[in-house]
Peer 1: 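Quick one: structure below, then a few questions.
Chain naming here is simple, since letters A, B, ... match the order of the sequence lines and numbering starts at 1 in each.
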There are 2 protein chains.
Amino acid sequence: MNKDALTSEFLEALTNASRKIRTAFNQRVTAHGLTYPRARALLRLSKKPGMTQSELACELELEQATMVRILDRMEEHGLVERQPDPKDRRAKLIVLTPRGTEQAALVTSIGHSMRLEIFADINSEDIAAGIQLLNKLGERAMLMEDLRDLT
Amino acid sequence: MNKDALTSEFLEALTNASRKIRTAFNQRVTAHGLTYPRARALLRLSKKPGMTQSELACELELEQATMVRILDRMEEHGLVERQPDPKDRRAKLIVLTPRGTEQAALVTSIGHSMRLEIFADINSEDIAAGIQLLNKLGERAMLMEDLRDLT
DNA sequence: CACATATAGTTAGCACCCTAACAATTTTGA
DNA sequence: TCAAAATTGTTAGGGTGCTAACTATATGTG
């Protein structure tokens, strides 16, 4: 098979795997008012509370506008609180509520069991190689995005 | 590094790479009224015209409801037409318009050059290994989705 | 035949994700 | 100093993706 067909097939596999894993995760946590992106935010915040929205968005590699919506919903569900930053009146510090902390623990446990199941018969070397590959591709794509600014 | 942390990192890399590649592609084709999912549909249709919506959704591994809206927009942009199926009055056959055929060719060329750039310094063996891995994970996740029905 | 069931497509509603444009505030530099 | 530039968060609008519920048509079974 030539390389072009191979890369095409790779992107199809990437798209489909990504969507299916996200959907499967969502199905397992929707009962708790959670979703995949909310769970990611929850875990980051439980490790490093008091970040601004921009910092959190940057760590999750999301746009600020996307972060706003997700935090809106998380606040509605009582998972996080926006507190004014005493150092900068523009910024808001995001902290977990007690309920948010509980849910973070739940997410950790659900995520753990899902990953065990999904990666059951796959060895660590293949996973590590996959990470290398995906990060390389992601970086490439990010550089391509930035080209847009040079017009 | 233990395997759990490795799988966690893999999913982060998967999520980010998938989003960035999709975004980069969208940025390159939006000027032509196209998007990533529309491009996928266009290419399938150019290879096999006259499919029903269900068949197309199945090949693209999307839900029917998702397919409906994508085809709505493609029809609005004059890329495809819905024709009645003489064999089944419920079904509709999707065919490319002349403009759709043109755009399919354009997508082919843009996709080709993007893949060349993204996969420039990655060898075919690694790509093939990645496909194997992603397909295995996608299949696992799909099986997990179906478990939902057994409650 | 008649009724139950299955299938094709649609609509509605929720959640993401992005870009573009905006207000408030802070920082920078002439 | 003080106006220009950068940054923080927001809203608006477009485009996925899903599930659930609905209509119309086909099919299968008694």
Side-chain angles (χ1 to χ4, degrees), chain A residues 15-16 18-31 33-41 51-58 60-77 82-94 141-142 145-146 148-149, chain B residues 15-16 18-31 33-41 51-58 60-77 82-94 141-142 145-146 148-149:
Chain A
T15 300
N16 287 326
S18 177
R19 190 169 49 224
K20 279 173 190 156
I21 291 172
R22 172 169 32 87
T23 300
F25 184 88
N26 281 340
Q27 285 178 348
R28 304 228 165 170
V29 297
T30 38
L34 293 173
T35 63
Y36 189 45
R38 288 178 200 173
R40 288 179 74 211
M51 281 188 283
T52 64
Q53 298 188 190
S54 295
E55 285 169 353
L56 183 56
C58 182
L60 298 177
E61 304 199 55
L62 294 174
E63 295 303 314
Q64 281 193 10
T66 302
M67 200 72 255
V68 167
R69 295 291 173 91
I70 292 174
L71 288 172
D72 284 349
R73 302 294 160 79
M74 290 177 76
E75 205 169 18
E76 286 168 17
H77 282 81
R82 286 170 160 112
Q83 295 180 351
D85 182 346
K87 303 280 177 64
D88 185 339
R89 279 188 296 170
R90 293 170 306 179
K92 295 175 183 175
L93 304 181
I94 311 299
M142 194 167 51
E145 284 182 46
D146 294 343
R148 172 179 63 87
D149 299 331
Chain B
T15 300
N16 287 326
S18 177
R19 191 169 46 224
K20 279 173 188 155
I21 291 172
R22 173 170 31 86
T23 300
F25 185 88
N26 282 339
Q27 284 178 347
R28 305 229 163 170
V29 298
T30 38
L34 293 174
T35 63
Y36 189 46
R38 288 177 200 173
R40 288 179 73 210
M51 280 188 284
T52 65
Q53 298 189 191
S54 295
E55 285 168 353
L56 183 54
C58 182
L60 298 177
E61 304 199 55
L62 294 173
E63 295 302 314
Q64 280 193 13
T66 302
M67 199 72 255
V68 167
R69 255 198 323 217
I70 292 174
L71 289 172
D72 284 349
R73 302 292 159 82
M74 291 177 75
E75 204 169 19
E76 286 167 16
H77 281 81
R82 286 170 160 111
Q83 295 180 350
D85 183 345
K87 303 278 178 64
D88 185 340
R89 278 188 297 171
R90 293 170 306 179
K92 296 175 183 174
L93 304 180
I94 312 299
M142 194 166 52
E145 285 182 47
D146 294 344
R148 173 179 62 87
D149 298 331

Peer 1: Run the salt-bridge test on A:Glu61 and B:Arg19 with the 4.0 Å N-O cut-off and return the result as yes or no.
Peer 2: no
Peer 1: Indicate whether OP1 or OP2 belonging to C:dC18 is found under 4.0 Å from a side-chain N or O atom of B:Lys20.
Peer 2: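 Negative; the distance criterion is not met.
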Peer 1: From B:Arg90 CZ over to B:Thr52 OG1, what is the distance, rounded to the nearest 0.5 angstrom?
Peer 2: 10.0 Å
Peer 1: Hey, does B:Thr52 reach any base, or is it just sugar-phosphate, or nothing, if we go heavy atoms under 4.0 Å?
Peer 2: sugar-phosphate
Peer 1: Using heavy-atom distances to pick each residue's nearest nucleotide on DNA chain C, tell me which of A:Glu61 and A:Asp88 is more 5'.
Peer 2: A:Glu61
Peer 1: Hey, which sits more toward the 5' end of DNA chain D by its nearest nucleotide, B:His77 or A:Lys92?
Peer 2: A:Lys92
Peer 1: With a cut-off of less than 4.0 Å, is there a side-chain N or O of A:Gln53 near OP1 or OP2 of D:dT7?
Peer 2: no
Peer 1: Pick out which of B:Met67, B:Glu75, B:Arg73 makes a side chain to side chain contact (heavy atoms under 4.5 Å, CB included) with B:Leu71.
Peer 2: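 The residue from B:Met67, B:Glu75, B:Arg73 that satisfies side chain to side chain contact (heavy atoms under 4.5 Å, CB included) with B:Leu71 turns out to be B:Met67.
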Peer 1: Check the phosphate of D:dT16 against B:Thr35, side-chain N and O only, distance under 4.0 Å to OP1 or OP2. Yes or no?
Peer 2: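 Yes, such a contact exists.
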Peer 1: Is any side-chain N or O of A:Arg89 under 3.5 Å from a base N or O of C:dT25, one able to act as donor and the other as acceptor?
Peer 2: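 Counting by modelled atom types and ignoring angles, no donor-acceptor contact under 3.5 Å is found here.
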Peer 1: Between C:dC17 and A:Arg69, is there an OP1 or OP2 to side-chain N/O distance shorter than 4.0 Å?
Peer 2: no
Peer 1: Would you compute the distance between atom CG of A:Leu93 and atom NZ of A:Lys87 and round it to the nearest 0.5 angstrom?
Peer 2: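 Nearest 0.5 Å value for the CG-NZ distance: 9.5 Å.
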Peer 1: With sugar-phosphate meaning primed atoms plus P, OP1 and OP2, does B:Gln64 contact a base, only sugar-phosphate, or nothing at under 4.0 Å between heavy atoms?
Peer 2: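 If one applies the 4.0 Å heavy-atom cut-off, B:Gln64 turns out to touch a base.
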Peer 1: Given that B:Ser54 and A:Ile70 both sit by DNA chain C, which one's nearest nucleotide is further toward the 5' end?
Peer 2: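 Whichever sits nearer the 5' end wins; that is B:Ser54.
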Peer 1: I need the CG-P distance between A:Asp85 and C:dT25, as an integer number of Å.
Peer 2: 14 Å
Peer 1: So does B:Arg90 reach the base of C:dT7 with its side chain, donor to acceptor, closer than 3.5 Å?
Peer 2: yes
Peer 1: Is A:Gln27 near enough to D:dT19 that one of its side-chain N or O atoms lies under 4.0 angstrom from OP1 or OP2?
Peer 2: yes
Peer 1: With a cut-off of less than 4.0 Å, is there a side-chain N or O of B:Arg19 near OP1 or OP2 of C:dC18?
Peer 2: yes
Peer 1: Base, sugar-phosphate or nothing for B:Thr66? Non-hydrogen atoms, less than 4.0 Å.
Peer 2: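 Base, at least one base atom sits under 4.0 Å.
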Peer 1: OP1 or OP2 of D:dT10 less than 4.0 angstrom from a side-chain nitrogen or oxygen of A:Arg82, does that happen here?
Peer 2: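 So the side chain of A:Arg82 is within the cut-off, an N or O lying under 4.0 Å from OP1 or OP2 of D:dT10.
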Peer 1: Within the 4.0 Å heavy-atom criterion, would you say A:Asn26 contacts the bases, only the backbone, or no part of the nucleic acid?
Peer 2: nothing
Peer 1: Look at all strands and tell whether A:Arg40 reaches a base, only sugar-phosphate, or nothing, counting heavy atoms closer than 4.0 Å.
Peer 2: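 Answer is nothing: A:Arg40 stays at 4.0 Å or more from every strand.
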Peer 1: Look up atom OG1 in A:Thr23 and atom CE in B:Met142, then write down how far apart they are to the nearest 0.5 Å.
Peer 2: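 A:Thr23 OG1 to B:Met142 CE: 12.0 Å, rounded to 0.5 Å.
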Peer 1: In whole angstroms, how far is the P atom of C:dA12 from the CD atom of B:Glu63?
Peer 2: 19 Å
Peer 1: Rounded to whole Å, please give me the gap between CG in A:Leu93 and C1' in D:dT8.
Peer 2: 12 Å
Peer 1: On a plain distance test, is the side chain of B:Arg38 in donor-acceptor contact with the base of D:dG15 below 3.5 Å?
Peer 2: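 No, the side chain and the base share no sub-3.5 Å donor-acceptor pair.
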